[in-house]
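Shown next, in structure tokens, is the structure this report addresses.
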Amino acid sequence: MTGEQQETCLFCKIVRGEIPCAAVFESDDFVVFLDINPVSRGHSLVVPKVHWETLLDVSPDSGVSLVKTIQRVGSALMKATGAEGFNVVQNNFPAAGQEVAHVHWHIIPRFDGDGLKAWPQSGYADSQDMAELAGRIRAAC
Ligand code: 5GP
Ligand code: ZN
């Protein structure tokens with residue numbers, strides 16, 4: 001990452017305290033704050049303090065800290081909002097809906113019968129189509 005990217009990045013500015021946020025948790029590795037346009041009340045963003053653009057850039061060493069943070073905040077959101085569940089969503093690249101090019105995890109409180117549905121699902125042409133694609137992905141792993 002260039003220094004210039006970190007200089008202008010919205011979430012780096014929030015991490016540095018240059019832009020205000022409604023913070024809910026902070027550790028050595030992450031800041032967590034409320035999304036300004038929530039899917040549901042309490043919708044929070046888990047943001048690493050390091051400027052990584054997508055999940056492909058993230059240090060795997062931060063995985064334990066990330067899971068601990070999501071567990072802690074997910075549990076707190078359920079207590080504080082009365083939510084009965086939560087989704088963890090993470091978008092990579094604009095094609096997948098990533099608007100801020102600083103990797104982050106959405107934690108979205110959910111309620112029984114709230115009617116939210118992320119994506120319509122489809123199917124494969126047939127089992128051969130499905131098996132061929134699985135083979136191509138295995139080869140690329
Ligand atoms: P993405 O689409 O990149 O996965 O998610 C970016 C999220 O950042 C969006 O849900 C959007 O509402 C949120 N967001 C954008 N600008 C700001 C801001 O200035 N402050 C806060 N708290 N959230 C923001
Ligand atoms: Zn950044």
Side-chain angles (χ1 to χ4, degrees), residues 1-127 129-141:
M1 294 316 130
T2 66
E4 194 185 338
Q5 278 171 306
Q6 293 177 38
E7 196 60 40
T8 57
C9 169
L10 173 64
F11 284 176
C12 282
K13 286 182 179 174
I14 290 178
V15 166
R16 290 195 296 265
E18 294 167 14
I19 290 178
C21 71
V24 300
F25 180 70
E26 179 169 358
S27 69
D28 287 346
D29 305 316
F30 295 95
V31 293
V32 186
F33 51 86
L34 296 185
D35 194 298
I36 205 163
N37 290 129
V39 172
S40 63
R41 286 175 63 78
H43 175 174
S44 296
L45 301 173
V46 177
V47 177
K49 290 182 173 178
V50 174
H51 180 93
W52 290 308
E53 274 192 37
T54 76
L55 186 66
L56 300 184
D57 305 307
V58 170
S59 166
D61 291 343
S62 64
V64 171
S65 177
L66 172 66
V67 170
K68 284 183 179 171
T69 302
I70 290 173
Q71 288 175 335
R72 185 163 177 163
V73 175
S75 171
L77 284 177
M78 290 181 71
K79 282 187 200 137
T81 68
E84 290 140 325
F86 61 91
N87 292 110
V88 177
V89 177
Q90 198 269 310
N91 303 320
N92 297 289
F93 303 104
Q98 183 176 10
E99 290 173 3
V100 178
H102 179 135
V103 70
H104 51 280
W105 287 261
H106 299 252
I107 308 182
I108 301 170
R110 296 296 305 273
F111 296 84
D112 286 338
D114 63 18
L116 293 173
K117 187 152 169 49
W119 298 288
Q121 287 177 273
S122 62
Y124 289 95
D126 50 35
S127 58
D129 176 31
M130 198 172 175
E132 273 173 11
L133 180 57
R136 262 187 280 145
I137 297 168
R138 270 198 305 278
C141 277

Just do the side-chain contact (heavy atoms from CB on, under 4.5 Å) check on Gln90 and His106 with the steps written out, would you? CA-CA 6 Å; Gln90 198 269 310; His106 299 252; 5.9 Å; no
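- By the salt bridge (charged side-chain N to carboxylate O under 4.0 Å, His left out) test, Asp114 pairs with Arg110, sequence neighbours left out.
- Checked against salt bridge (charged side-chain N to carboxylate O under 4.0 Å, His left out), Lys13 has no partners two or more places apart in sequence or in another chain.
- Within a 6.0 Å radius of CZ in Arg41, other residues, nucleotides and ligands contribute 12 heavy atoms or fewer.
- Here Ser27 contributes atom OG and Lys49 contributes atom NZ; the two are 6.0 Å apart, rounded to the nearest 0.5 Å.
- A centroid separation of less than 6.0 Å is found between the aromatic rings of Phe33 and Phe11.
- In this structure, Glu7 CD and Glu18 CD are separated by 6.5 Å, a value rounded to the nearest 0.5 Å.
- The aromatic ring centres of His104 and His102 sit 6.0 Å or more apart.
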Output, in order, the C-alpha distance, side-chain angles, deciding distance and verdict of side-chain contact (heavy atoms from CB on, under 4.5 Å) for Leu66 and Val46. CA-CA 8 Å; Leu66 172 66; Val46 177; 4.0 Å; yes
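- Side-chain atoms of Ser44 come within 3.5 Å of backbone atoms of Gly42 as a donor-acceptor pair (strictly under, hydrogens ignored).
- Here the straight-line distance linking atom NE2 of His43 with atom CG of Asn87 works out to 10.0 Å at 0.5 Å rounding.
- Residues Leu77 and Pro109 come closest through the heavy atom pair CD1-CG, 4.1 Å.
- Distance check: Leu45 CG to Asp35 CG gives 4.5 Å after rounding to the nearest 0.5 Å.
- Under the 4.5 Å side-chain criterion, counting only non-hydrogen atoms from C-beta, Val24 is in contact with Leu34.
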All N/O donor-acceptor pairs, side-chain side in residues 117-127, below 3.5 Å, sequence neighbours left out:
{"unit_1": "Asp126", "atom_1": "OD1", "unit_2": "Gln128", "atom_2": "N", "d": "3.2"}
{"unit_1": "Asp126", "atom_1": "OD1", "unit_2": "Asp129", "atom_2": "N", "d": "2.8"}

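- The side-chain heavy atoms of Leu116 and Val39, taken from C-beta on, include a pair separated by under 4.5 Å.
- In this structure, Lys79 contributes its side chain and Gly74 its backbone to no donor-acceptor pair below 3.5 Å.
- Looking only at side-chain heavy atoms (C-beta outward), Phe86 and Ile107 come within less than 4.5 Å of each other.
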What do the steps show when you test Thr54 against Gln98 for side-chain contact (heavy atoms from CB on, under 4.5 Å), and what is the final call? CA-CA 9 Å; Thr54 76; Gln98 183 176 10; 3.6 Å; yes
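- Minimum interatomic distance between Phe111 and Glu84 (heavy atoms only, all atoms of both residues): CA-OE1, 3.2 Å.
- Under 3.5 Å, the side chains of Asp29 and Ser62 contain no donor-acceptor pair of N or O atoms.
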How far apart are the C-alpha atoms of Val88 and Trp105, what are their side-chain angles, what is the distance that settles it, and do they pass the side-chain contact (heavy atoms from CB on, under 4.5 Å) test? CA-CA 7 Å; Val88 177; Trp105 287 261; 4.1 Å; yes
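- For the atom pair CG (Asn91) and CG (Leu55), the distance works out to 11.0 Å, reported to the nearest 0.5 Å.
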